[in-house]
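One structure is given below, encoded as structure tokens.
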Amino acid sequence: MGRTFQDYLGEKPDEGQAYYRCLQCSAHLAKRSDLISKGFHGRAGKAFLFKAAVNVKFGEPQQRLLQTGLHKVSDLYCSRCNTLFGWKYDQAYRLSQKYKEGCVVIEVAYMMKDNMWA
């Protein structure tokens, strides 16, 4: 088994970019600039919708009936510590929900915000 490589966000001190990390292992997960909505809910409560995430791996796609209807989603895991902390929208069946396709939901209970104070 080889070493797992990680992507890092906000490495340059002059960027001042806020980002989110895994609460268990501190792996970088998503940029604040990729945040679409804070109005989502997951198994553990409040969750955020992001355009993209790094250092994650996906489970098998499956159909789930969520609050906004039927979607095809994949569970989202931290690639470093394997914590299950959300899901990715693979397919939305309602036209009004198509904006979610390709986006990821990360539950607030499993992440922390890093403001990159200079």
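Quick note: numbers below take in every heavy atom, side chains included, and nothing from hydrogens, waters or symmetry partners.
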Quick one: [atom1] on [X] to [atom2] on [Y], what's the gap to the nearest 0.5 Å?
X: D114; Y: R32; atom1: CG; atom2: CZ; result: 14.0 Å
X: Q67; Y: H41; atom1: CD; atom2: NE2; result: 6.5 Å
X: K72; Y: Q63; atom1: NZ; atom2: CD; result: 5.5 Å
X: S74; Y: E60; atom1: OG; atom2: CD; result: 7.5 Å

Going only through I, L, V, M, F, W and Y residues with side-chain contacts under 4.5 Å, is there a path from [X] to [Y]?
X: Y20; Y: V104; result: yes
X: F40; Y: L35; result: no
X: V56; Y: M111; result: yes
X: L29; Y: L76; result: yes

Practice task
Measure up the F50 and F48 rings against each other and bin them: parallel (under 30°), tilted (30 to 60°), perpendicular (over 60°).
Solution key: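 F50 and F48: tilted rings.
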Exercise for the section: Using modelled atom types only, decide if a donor and an acceptor are shared between the side chain of R80 and the backbone of N55 within a distance under 3.5 Å. Expected result: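 Flag not set: sc R80 to bb N55 has no pair under 3.5 Å.
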Practice task
Return yes if some donor-acceptor pair links the side-chain N/O of S37 with the main-chain N/O of G39 below 3.5 Å, else return no.
Solution key: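 Yes, S37 side chain to G39 backbone: donor-acceptor pair under 3.5 Å.
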Handout entry: Shortest non-hydrogen contact from C22 toward C81
Key =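 Nearest pair, atom of C22 first, then C81: SG-SG, 3.7 Å.
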Problem - A47 to G42 - nearest heavy-atom pair and separation - result: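 For A47 versus G42, the nearest heavy atoms are CB-N, 4.1 Å.
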Practice task
Give the C-alpha distance, both sets of side-chain angles, the deciding distance and a yes or no for side chain to side chain contact (heavy atoms under 4.5 Å, CB included) between N82 and K57.
Solution key: CA-CA 8 Å; N82 291 317; K57 58 186 178 180; 2.3 Å; yes
Handout entry: Neighbour count above 12 (heavy atom, 6.0 Å) for R64 CZ
Key =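 More than 12 within 6.0 Å, yes.
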Practice task
Using the ring-ring contact (aromatic ring centres under 6.0 Å, His included) rule, collect all pairs that involve residues 92-115, keeping only residues at least two apart or in two chains.
Solution key: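 Found none.
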Exercise for the section: May I ask you to list the residues sharing a hydrophobic cluster with L84, side-chain cutoff 4.5 Å, ordered by chain and number? Expected result: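 Taking Ile, Leu, Val, Met, Phe, Trp and Tyr as members, L84 shares its hydrophobic cluster with Y77.
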Practice task
Determine, stepwise, if the pair V105 / Y89 fulfils side chain to side chain contact (heavy atoms under 4.5 Å, CB included).
Solution key: CA-CA 8 Å; V105 173; Y89 284 100; 3.5 Å; yes
Practice task
Just jot down the side chain to side chain donor-acceptor pair (under 3.5 Å) partners of K51, sequence neighbours excluded, or say none.
Solution key: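 Checked K51 against side chain to side chain donor-acceptor pair (under 3.5 Å); zero matches.
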Problem - Non-neighbouring partners of L23 that pass side-chain contact (heavy atoms from CB on, under 4.5 Å), sequence neighbours left out - result: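 If we apply the side-chain contact (heavy atoms from CB on, under 4.5 Å) test to L23, skipping adjacent residues, the hits are M112.
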Practice task
Keeping to residues at least two apart or across chains, list the salt bridge (Lys or Arg N to Asp or Glu O under 4.0 Å) pairs with something in residues 40-49.
Solution key: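 Non-adjacent pairs meeting salt bridge (Lys or Arg N to Asp or Glu O under 4.0 Å): R43-D75.
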Problem - Of all pairs that satisfy salt bridge (Lys or Arg N to Asp or Glu O under 4.0 Å), the ones with a partner from residues 96-109, not counting sequence neighbours - result: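 Pairs touching residues 96-109 that pass the test: K98-E101.
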Exercise for the section: Please tell me if the side chains of V54 and K31 come closer than 4.5 Å, counting only heavy atoms from C-beta onward. Expected result: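 Not in contact.
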